Amino acid sequence: MHALDGLNPRQLEAVQTVSGPLLILAGPGSGKTRVIVHRIAYLVEHEDVHPGRIVAVTFTNRAAREMRERLDHLIGRRAQYLTVGTFHATCARWLRIDGHHLGLDPHFTIFDDNDQVDLVKRVARELEIDERRFTPRSILNAISAAKSRLVEPHEYARQAEGRWQELVASVYRHYQNELERNQALDFDDLLLYTVRLLQDVEPVRERYQERYLHLLVDEFQDTNPVQYQLVKLLGGKHRNVCVVGDPDQNIYSWRHAEIRNIFAFQEDFPELKVVVLEQNYRSTQTILDVAHAVISENTMRMPKRLWTENPRGPEVVVHEAYDERDEALFVVREIERRVARGAAYADFAVMYRTNAQSRALEEAFSRYRPPIPYRLVGGVRFYERREVKDILAYLRLLNNSRDTVSLQRIINVPSRGLGEKTLAELWRWAQRHELPPYEALERLATGDGSINGKPAPFTSRARVLLGQFVQLIEELRAELDHMTVAEVVDAVLGRTGYGRMVRDGSEEGEERWANLVQLRAKAAEYDELEPGTALPRFLEEVSLVQDVDNLDASANAVTLITLHAAKGLEFPCVFILGLEEGLCPHVRSMDSTAQMEEERRLFFVGITRAMRDLYLLYAYRRGQYGGEAMESTPSRFLSDIPEHLVRRTLGTSTRSASALRFDVSDEPPITRRAPRPSIEAPRAAPAELRRTSTPSAPTIAEGRRARFRAGQKVRHNTFGLGIVVASELRGGDEQVTVAFEGSGLKKLSLAFAKLEPA
């Protein structure tokens with residue numbers, strides 16, 4: 001294939017611009033990977049550039065592999081001389097060659113994420129840091145953020161202000177010393193040390209600058225400061241730097257990606273040329289118009305308008321479900337309808353903002369008869385997630401003390417100070433005397449564990465700790481007949497300390513807590529059953545869901561995926577769920593303009609994954625943040641979409657399951673409700689204003705505006721600090737929905753609640 005074959009005029013311009021800096025502003029579906037590989041082929045075939053003088057970097061192994069495969073096809077054997085790979089892999093290769101200038105052993109080990117967390121744990125223990133207050137994960141995140149900004153331990157310590165930064169500085173210094181002692185680098189070090197190498201060792205810098213005549217960077221909007229510094233150093237001599245990116249698709253600030261790098265590139269390379277790729281080859285024009293209507297509200301962007309020669313396509317469906325179960329059932333129903341008309345399961349992707357949202361989907365797909373095949377991307381299946389399995393292990397042990405697998409899983413989770421040697425000896429001792437492990441524990445809890453006059457081989461401290469665990473389990477078991485399953489989950493989370501362990505202040509901790517909230521919501525569905533029978537029924541259904549989860553990921557299956565993980569993918573039909581204030585956009589973005597713009601970009605990325613059909617869903621009610629199901633407010637992003645581009649549909653009830661081939665013999669009757677008014681969420685005040693008669697509430701003068709707005713920080717005497725999710729006027733009262741730290745979502749009436757701006 002010729003290097004210029006099949007390119008449109010803008011793509012040709014990008015490929016044939018070979019001198020000087022070039023910014024290719026590439027919208028989704030505009031063929032950016034095609035442009036990169038054809039540009040490399042053009043340099044080799046038409047400009048006589050030796051492949052060894054070209055370096056191309058991207059972010060994922062998948063993207064790098066696809067790039068190399070296409071280049072093998074375009075230029076054949078010459079592709080072997082190219083430097084093509086991810087930032088981290090490329091830097092690791094260079095450091096093994098030249099890292100000795102910095103004192104690095106060429107056989108250095110690369111510590112993965114688990115290695116890094118374990119190392120921070122060890123350092124924290126040596127420094128006598130309380131892991132319950134300052135978790136290893138949050139400390140590691142702070143260290144990673146510092147490295148992404150090129151801030152090394154001594155500089156971090158010099159800049160540290162306050163107890164938290166001083167603590168991180170101390171751990172950072174010891175952590176880095178331990179890495180050096182182990183001849184190891186973490187992922188951030190691969191980039192940081194390469195920048196140091198090029199900055200500090202002039203002969204090495206000159207050699208790499210001279211060698212690489214052309215530098216190409218894919219997904220440039222996702223670069224962090226250290227990666228941008230690397231680009232500037234490599235391209236500093238010849239200045240033939242081609243970066244491909246799109247500010248509208250910057251969604252990884254939590255990985256320290258810096259959207260301003262695209263704008264900084266224009267300042268650092270003022271002679272650059274800009275080529276805008278606006279022709280889209282993926283989606284219908286309707287989908288592109290919806291995407292444009294959403295993203296054009298952002299200010300931190302470079303204007304462009306995507307267009308396509310594809311058909312206009314059908315209207316985008318905006319569907320209001322009753323709750324998360326009804327939302328999942330609607331998806332199942334639509335997929336089955338389309339499959340019956342000839343579609344394949346692999347044509348469909350269901351996207352959502354947080355991993356916890358997959359629970360209702362997984363259950364709906366698994367309970368359908370026959371089950372609908374699906375694959376979960378970007379995470380493990382809901383009931384296989386560590387925190388979910390831990391709590392289920394507690395429940396199974398409460399239900400059956402002979403469940404040794406569950407006992408082994410949670411006997412020291414959270415940590416009770418039981419060492420591996422003690423636990424190993426416990427299993428050996430129980431096996432030697434042919435005792436079920438839990439019965440062996442009970443013997444230790446009621447005495448010294450003597451058998452045939454011979455005491456158990458445990459220290460008095462170990463016996464006390466093991467006895468405390470038995471006491472905890474037995475106290476919980478004694479209350480099973482008086483608690484609902486949801487109350488049992490609450491008791492386990494509280495009395496074991498598991499809830500405190502998970503909520504460690506990190507984003508990962510909040511994700512794990514959200515999964516536990518979803519598990520509790522599932523447990524609450526059994527509240528109407530007798531306590532003695534509810535727990536076994538719950539565990540039985542969970543087991544059945546796990547049984548049908550074992551599907552081949554390569555088979556014809558629906559894809560369940562977070563919006564973050566969906567970047568770079570495409571599907572004929574896409575469902576985006578949970579489009580409500582506090583979820584998408586997420587509640588954490590409410591008090592930050594920059595974060596709100598990133599939430600909008602995330603939604604834009606999801607929209608532009610769709611090729612032919614797009615469904616946007618929100619729920620009338622949803623249980624969130626540990627609270628009961630409450631009325632939700634449709635996402636402000638939906639109000640940006642012109643009405644002529646959408647077709648609105650309305651769900652009925654969660655109990656519409658009877659319309660499907662589910663086993664619902666014991667389901668309550670269907671409950672129907674009146675249609676809800678259309679979305680009226682103005683951008684400045686996203687909460688929908690619904691006025692109803694409330695005679696008992698104090699009168700508020702007509703025309704008075706809501707006192708609180710979404711995103712505002714507030715304080716309550718009982719619940720503490722929180723962020724307003726929505727505020728609405730009802731009759732003579734104002735009702736404010738607030739997400740409180742540690743207390744979940746609360747709906748407060750200002751006629752009675754004392755709520756003040758924080």
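No experiment lies behind these values; they were computed from the predicted model shown.
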Output all residues satisfying side-chain hydrogen bond (donor to acceptor under 3.5 Å, both in side chains) with [X], sequence neighbours left out; order by chain, then residue number.
| X | answer |
| --- | --- |
| Glu479 | Arg495 |
| Arg428 | Glu425 |
| Ser589 | none |
| Arg416 | Tyr394 |

Query raised in the report: What is the minimum heavy-atom distance between Met590 and Gly582, and which atoms define it?
Result: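 So the minimum-distance heavy-atom pair works out to CE-N, 3.3 Å.
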
Query raised in the report: Of the non-hydrogen atoms in Arg409 and Ala393, which two are nearest, and what is the gap between them?
Result: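 Shortest heavy-atom contact: CD-CB, 3.9 Å.
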
Query - Any residue meeting salt bridge (Lys or Arg N to Asp or Glu O under 4.0 Å) with Glu387, in chain and number order, not counting sequence neighbours - result: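 Partners of Glu387 by the salt bridge (Lys or Arg N to Asp or Glu O under 4.0 Å) criterion, ordered by chain and then number, come out as Arg512.
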
Query - For Lys121, salt bridge (Lys or Arg N to Asp or Glu O under 4.0 Å) partners two or more places apart - result: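 In terms of salt bridge (Lys or Arg N to Asp or Glu O under 4.0 Å), with neighbours along the sequence ignored, Lys121 is linked to no residue.
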
Requested in this report: Could you point out which residue of Glu508, Glu131, Glu511 forms a salt bridge (Lys or Arg N to Asp or Glu O under 4.0 Å) with Arg137?
Outcome: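 Testing each of Glu508, Glu131, Glu511 against Arg137, the sole residue satisfying salt bridge (Lys or Arg N to Asp or Glu O under 4.0 Å) is Glu508.
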
Query raised in the report: Can you tell me how far CG of Leu185 sits from OH of Tyr193, rounded to the nearest 0.5 angstrom?
Result: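 These two atoms lie 6.0 Å from each other.
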
Query raised in the report: Roughly how far apart are Lys389 NZ and Asn515 CG, rounded to 0.5 Å?
Result: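 With rounding to 0.5 Å, NZ (Lys389) is 13.5 Å from CG (Asn515).
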
Report task. Cation-pi check, Arg477 to Tyr438: give yes when NZ or CZ is under 6.0 Å from the six-membered ring centre and within 45° of the ring axis, no otherwise. Result ->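 Here Arg477 passes the 6.0 Å and 45° test against Tyr438.
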
Report task. Look at the side chain of Glu327 and the backbone N and O of Gly578, then say whether any donor-acceptor pair between them is shorter than 3.5 Å. Result ->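 Yes.
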
